[in-house]
Amino acid sequence: MAGKNILLVEDNQDDIDLTIRALRKSNILNEIIVKKDGEEALAYLFKEVPADIEKIPAVILLDINMPKVNGIEVLKQIKENERTKHIPVVMLTTSKEEKDLFDSYNLGCNSYIRKPVDFNQFADAVKGVGLYWLVLNEPLPHHE
Amino acid sequence: MNQQSQRQSSRNRHTRTVVSFAGLILLFLFIADLLIVSGQRKMLQENARNEMQKELEVIGTFSIEAMLKNDYATVRNFAELFASQHTEIRSLKTVTPNNFAISDFTSSERAKNPLQMKHEVEFAGKRMLVVEMVKDLVSVEEIMNRLTFQLIIVSLLLAGVFGAVQWYLLRKMSILPLEKELIESHTILLTVLDNLEMAVYVADMETYEIIYVNKRLKDQFGDVRGKICWQTLQAGQSGPCPFCVNNHLLSPDGTPTGVYNWEFQNTVTDVWNLSYCQAIRWLDGRMVRLDTALDISERKHTEDEIRKLNLELEQRVSERTRELEAANKELEAFSYSISHDLRSPLRSIDGFSQAVVEDYGDKLDENGKNYLNRIRAATQRMGRLIDDILKLSRVTRAEMQKQEVDLGQLAEAIMEEIRGSDAGRRVEVRIQQGMTAEGDPNLLNAMLTNLLGNAWKFTGKTSEPRIEFGCIVKDNKNIYFVKDNGAGFDMAYANKLFGAFQRLHSESEFAGTGIGLATVQRIIRRHGGRIWAEGVVNQGSTFYFTLE
């Protein structure tokens with residue numbers, strides 16, 4: 001069976017910790033792979049995953065504003081690639097700029113969540129995302 | 001020119017008057033002369049007749065004695081002697097009653113003005129002799145001729161004197177002043193024409209010969225009278241100028257159509273002219289073009305300058321626009337980073353405060369937990385502030401798309417939403433229908449959401465809350481208002497209402513960031529309108545606004 005791991009692409013350590021905390025508080029215990037910028041995330045998806053099919057994430061939580069390669073560019077590459085385009089991508093970002101929303105949906109993101117300042121609200125949002133994509137949603141089976 | 005011909009004709013009229021007056025006098029004199037002459041002639045002839053009668057009687061008396069003696073010789077001698085002594089006698093006959101001619105004298109000269117008389121001599125009732133005489137009244141004729149001649153001379157002299165006197169009087173009384181006036185007005189006209197800032201010339205419309213030029217034209221082209229206009233006043237023309245306006249000056253039937261003005265650049269001087277052309281009839285009857293040309297080079301120059309300045313201005317505006325666009329881009333980048341970078345640390349503060357409460361709650365007393373909760377409340381409030389600032393900046397940046405908006409319907413929809421989010425409250429809402437305005441629907445929506453939201457919020461502690469949205473017309477302008485009977489405000493602080501982050505109520509009393517009315521004001525200003533408010537503490541407030 002394909003991995004049920006979560007790929008979290010986020011450059012802010014605080015946000016990483018809080019996201020993981022929120023997921024764990026919602027009893028989502030799947031493995032969480034953290035990549036701290038777009039470059040690392042792309043390297044993981046296009047180098048590590050092909051070698052080990054188990055590493056295919058069930059969902060990608062993607063921040064937009066990151067050093068080197070930003071989230072929009074990462075999303076673009078994921079959705080342009082045959083291997084990765086079916087992986088659900090949830091934009092998890094602080095930005096509510098219309099342009100970011102527009103670009104993200106245009107490139108085929110599956111959800112767009114704006115991180116609230118209130119941790120309780122944030123936790124609720126992450127819980128919802130995790131439950132939906134990891135439990136409710138039926139992913140495409142992987143063939144290799 | 002016209003005036004001059006008038007003067008000319010008036011002078012002709014005077015001459016005619018003088019001549020006809022003199023002629024009339026002459027006619028009268030001639031009639032008088034005729035009467036005098038015929039009277040005189042009659043009198044002279046009567047005198048001559050009387051004299052002749054006496055002479056005949058003398059001859060008769062003298063002849064009676066001789067006839068009684070039948071001395072015919074004496075009678076004949078006497079008669080012939082008499083005839084020879086009177087040069088005027090052309091013939092003298094003495095005849096007996098039985099037709100025997102005693103004497104018969106006939107002069108060789110022919111009578112020019114003959115007078116014939118017959119005298120029968122009687123003695124004691126018996127006819128004795130008949131004397132016939134023909135006389136040439138030479139002296140009468142001579143006298144008459146002399147008289148006629150003298151009368152004609154006198155008459156002519158009189159008529160001449162009268163005519164001269166009349167001519168002199170007329171001249172003194174009307175012709176001279178007219179001429180003086182004519183010369184004066186002519187001088188004035190020429191002076192004015194010469195002093196004009198305009199070049200003036202007159203040219204024959206058929207031959208193109210220049211008839212008159214004023215000083216200004218003379219200064220530019222010399223005295224070109226007698227020359228052809230298209231050869232002298234324009235350059236490089238091989239015939240009448242293709243831009244000649246002659247055909248604009250006459251109607252098809254050849255009558256002048258009035259002034260035709262046009263702008264052109266002279267081909268000799270390169271000077272821009274505003275030319276007023278008109279066809280007029282010259283004194284001698286030919287049709288001429290009177291051209292009065294104003295030098296408008298300066299105006300043209302100014303127009304060019306203005307065009308150039310406008311172009312520069314446009315360039316500057318587009319430069320500024322580019323700069324402004326760049327500044328806007330920067331601002332966008334700035335608000336992007338605010339929304340992202342400023343919120344992230346807040347989330348950390350909030351998140352980890354919560355983590356402390358959750359994970360280490362047992363090690364904290366109530367006070368410690370309270371502090372952490374206050375940290376969280378403050379962070380969340382700052383998060384809201386950041387969101388509102390972003391909203392405010394978006395209002396300023398967003399591109400306006402104006403269209404007709406039904407404000408009443410819009411307000412209804414907004415109230416529906418507000419009621420839905422605060423279902424526990426009952427508020428009397430009155431919204432006037434049929435209020436349409438020109439504006440950006442999204443911005444107007446944000447504006448009304450703020451105003452109606454405020455009214456809803458500030459009537460939260462009122463027992464019978466009422467909200468009214470309507471419109472009044474003043475000076476043909478729609479003034480919209482949102483009225484509530486809520487907390488109101490002190491008019492002393494009215495000027496602070498629309499400043500960003502300005503609040504008239506504490507956070508604990510009524511929640512808010514103090515951005516709402518600043519946003520409203522920006523939206524209304526972007527629509528070219530104005531907003532102001534009236535309020536009384538604890539009685540309510542009314543917000544008035546206009547839209548362009």
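Proteins get letters first, then strands, A, B, ... in listed order; numbering begins at 1 in each.
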Exactly one candidate in A:L23, A:L61, A:I16 meets side-chain contact (heavy atoms from CB on, under 4.5 Å) with A:I32; the answer is A:L23

Donor on one side chain, acceptor on other, A:N106 and A:K76, under 3.5 Å:
no

| message | Could you walk me through whether B:R419 and B:E416 satisfy the salt bridge (charged side-chain N to carboxylate O under 4.0 Å, His left out) test, starting with their C-alpha distance in whole Å, then the side-chain angles of each, then the deciding distance to 0.1 Å, before giving a yes or no? | response | CA-CA 5 Å; B:R419 272 202 205 92; B:E416 205 57 48; 3.8 Å; yes

- Would you call B:E319-B:R316 a salt bridge at under 4.0 Å N-O? no

- How about A:L45 and A:I60: do any of their side-chain heavy atoms sit closer than 4.5 Å? yes

Review point. Going by the angle between their ring planes, with limits at 30° and 60°, are B:Y480 and B:F469 parallel, tilted or perpendicular?
Key: tilted

Side chain to side chain, B:N445 and B:L410, heavy atoms closer than 4.5 Å:
yes

Ranking A:K25, A:Q121, A:K99 by heavy-atom pairs under 4.5 Å to chain B gives rank one to A:K25

Against chain A, residues from residues 342-351 of chain B with at least one heavy atom under 4.5 Å, in numeric order, are B:R343, B:S344, B:L346, B:R347, B:S348, B:D350, B:G351

Test: B:K369 and B:E366 ion pair at under 4.0 Å
yes

Turns out that what part of A:N120 lies under 4.5 Å from chain B's heavy atoms comes down to both

**Asked** Near B:Y493 OH, under 6.0 Å, is it more than 12 heavy atoms from other residues, nucleotides or ligands?
**Response** no

Expected contact set for residues 8-15 of chain A against chain B at heavy-atom separation under 4.5 Å reads A:N12, A:D14, A:D15

A:N65 vs A:T94, side chain to side chain contact (heavy atoms under 4.5 Å, CB included): CA-CA, chis, key distance, verdict: CA-CA 8 Å; A:N65 207 350; A:T94 312; over 6 Å; no

